[in-house]
Amino acid sequence: MSKTTARRALLAVLAGATAATLAACSSGGGETSSGPIVWVDGGGAYQEAMKQGILDPFTEETGTEVTIESGTDNAKLRSMVDANRVVWDVYNGDNTWGTSADADYLEPLDYSVIPQGEILEGYSSDYRVANTLYSIVLAYNTDAVTTSPTGWADFFDLEKYPGKRGVMDYSLGGIFEIALLADGVAPDELYPLDIPRAIAKLDTIKDQLVFWQSGSESEEIVGSGEVSMVMTYNARAYDAKVNLQLPVDYTFDQQILAASYLSIPKGTKNLAAAQQLIAFAVSAEHNGAPSEFIPIAPSNTEATVDPTMEPDLPTSHLDGSASFDDEWIAQNSADIDSAYQAWRAQ
């Protein structure tokens, strides 16, 4: 099927689903609105990739305007729903959002419109569907590290690889997971997390840890040589190496896969259009388009990616990868964070 034919087919499906989705809107999504769809994501380079790869083409092909806002905020979304003053329509949140724990704040997704059967297994559920995949990887300063590390055990090996280590200062961001992987836990046996074991492993290098607060900081500390290795997002490692041309390289060995997820706040007045936009964003034709701009992978297994970016996508290196268990994390987030904060304070 040609791209033109595929585009027409997709739009026909979306148009045919409008009536059914509008009916759902009248029963569960509040009054309908003809205003623009409000899309919310984290901003920055990711937002620009979404705009050019997904949102602008959607407006061009459907005539539906999309307003883009920067700054995801789960608490703000909950407050909107509780106050029945929802002004967001499609929420592009991280892997901590949209699990069953958030069901009261979200509209069910319409999988008669959204191609769930094409989405990578495990990355769609009643209230969210993955838009793009990224990963937590090990990046290193090539001036300080001359032998490429091959996994998280090397991150913890201060004798073979001297120097400080950079870690994300966030309990749910993978710090316990990388410790367990380094300690020999198999990627498919990470959950439920053995937090005491993870903390014991982290204690072996605690005096060499530098805690970073933002993705840009993770690039700075490894690029400058403040740390010899850092756990960071694959797109940040790529940016440091390719765009900033810092002395940085990285490995996908034992990466931890995560995803950005699309969901619809409960009470949106643009439910039909929001379902359509999500269907468009994760379709085989369009889902790979953002990879032309940054190294984020499509969730649709039939999507085509930018060939020059393909070697730098997490989905090109799935062997030996781990994945976050978002449902387990959501159910245990308070205990995870409590243990982390107590350890940090020691």
Examine the side chains of [X] and [Y] and answer whether a donor and an acceptor come within less than 3.5 Å of each other.
X: Y111; Y: D126; answer: no
X: E310; Y: S316; answer: no
X: S100; Y: E327; answer: yes
X: T308; Y: D306; answer: yes
X: T251; Y: Y140; answer: no
X: E118; Y: N300; answer: yes
X: E69; Y: W88; answer: yes

Might you point out which heavy atoms bring [X] and [Y] nearest each other, and give the distance in Å?
X: W152; Y: M231; answer: CH2-CB, 3.7 Å
X: L262; Y: A281; answer: CD1-CB, 3.9 Å
X: P314; Y: Q255; answer: O-NE2, 2.9 Å
X: N287; Y: N131; answer: ND2-O, 2.9 Å
X: L138; Y: G151; answer: CD1-O, 3.4 Å

- Salt-bridge test for K269 and D89: reply yes if a basic N is under 4.0 Å from a carboxylate O, no otherwise.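 No, K269 and D89 are not salt-bridged.
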
- Message: side chain to side chain contact (heavy atoms under 4.5 Å, CB included), that's the test. Do L55 and F58 meet it? Break it down for me.
- Response: CA-CA 5 Å; L55 303 179; F58 176 77; 5.6 Å; no

I'd like to know if the side chain of [X] reaches the main chain of [Y], judged simply by a donor and an acceptor atom lying under 3.5 Å from each other, with no hydrogens or angles considered.
X: R197; Y: D183; answer: yes
X: D102; Y: Y105; answer: no
X: Y161; Y: T147; answer: yes
X: D337; Y: S333; answer: no

- Message: Does the plane of the ring in F252 sit parallel, tilted or perpendicular to the ring in H317? Use 30° and 60° as the thresholds.
- Response: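 Taking H317 first and then F252, their aromatic rings lie parallel (interplane angle under 30°).
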
- Item | Parallel, tilted or perpendicular: rings of H286 and F280 (30°, 60°) |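 Plane angle under 30°, so parallel.
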
Take atom [atom1] in [X]; do more than 12 heavy atoms of anything else shown fall under 6.0 Å from it?
X: K206; atom1: NZ; answer: yes
X: D319; atom1: CG; answer: no
X: D207; atom1: CG; answer: yes

- Query: With hydrophobic residues grouped by side-chain heavy-atom distances under 4.5 Å, do M309 and Y250 end up in a single group?
  - Reply: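 M309 clusters together with Y250.
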
- Message: Could you see if I195 belongs to whatever hydrophobic cluster contains V185? Use Ile, Leu, Val, Met, Phe, Trp, Tyr and a side-chain cutoff under 4.5 Å.
- Response: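 Yes, because I195 and V185 connect within a single hydrophobic cluster, where side-chain heavy atoms sit under 4.5 Å apart.
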
- Who are the side chain to side chain contact (heavy atoms under 4.5 Å, CB included) partners of L133, not counting sequence neighbours?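 Counting only residues at least two positions away or on another chain, L133 forms a side chain to side chain contact (heavy atoms under 4.5 Å, CB included) with L120, Y123, A130, A259, A297, S299, T315.
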
- Quick one: side chain to side chain contact (heavy atoms under 4.5 Å, CB included) partners of T59, sequence neighbours excluded?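 Partners of T59 under the side chain to side chain contact (heavy atoms under 4.5 Å, CB included) test: V66.
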
- Item | pair K201-F156: side-chain heavy atoms closer than 4.5 Å |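 K201 vs F156: side chains touch.
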
- Message: If you define the side chain from C-beta out and look only at heavy atoms, does anything of L109 sit under 4.5 Å from I264?
- Response: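 A side-chain contact exists here, since the closest heavy-atom pair is under 4.5 Å.
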
- Message: Please determine whether ring-ring contact (aromatic ring centres under 6.0 Å, His included) holds for the pair W97 and Y91, giving the CA-CA distance in whole Å, both sets of side-chain angles, and the decisive distance to 0.1 Å.
- Response: CA-CA 10 Å; W97 177 257; Y91 188 74; 5.8 Å; yes

- Query: Under the side chain to side chain contact (heavy atoms under 4.5 Å, CB included) criterion, do L202 and F176 qualify, and how do the steps go?
  - Reply: CA-CA 8 Å; L202 287 165; F176 289 148; 3.9 Å; yes

- I37/T67 under side chain to side chain contact (heavy atoms under 4.5 Å, CB included): CA gap, chis, key distance, verdict: CA-CA 6 Å; I37 305 173; T67 298; over 6 Å; no

- Task: Dump the intermediate steps for salt bridge (charged side-chain N to carboxylate O under 4.0 Å, His left out) on D104 and K266, then the final yes or no.
- Result: CA-CA 8 Å; D104 290 344; K266 191 174 185 64; over 6 Å; no

- Message: Apply side chain to side chain contact (heavy atoms under 4.5 Å, CB included) to residues M80 and V87 and explain how you reach the verdict.
- Response: CA-CA 8 Å; M80 284 184 183; V87 297; 3.4 Å; yes

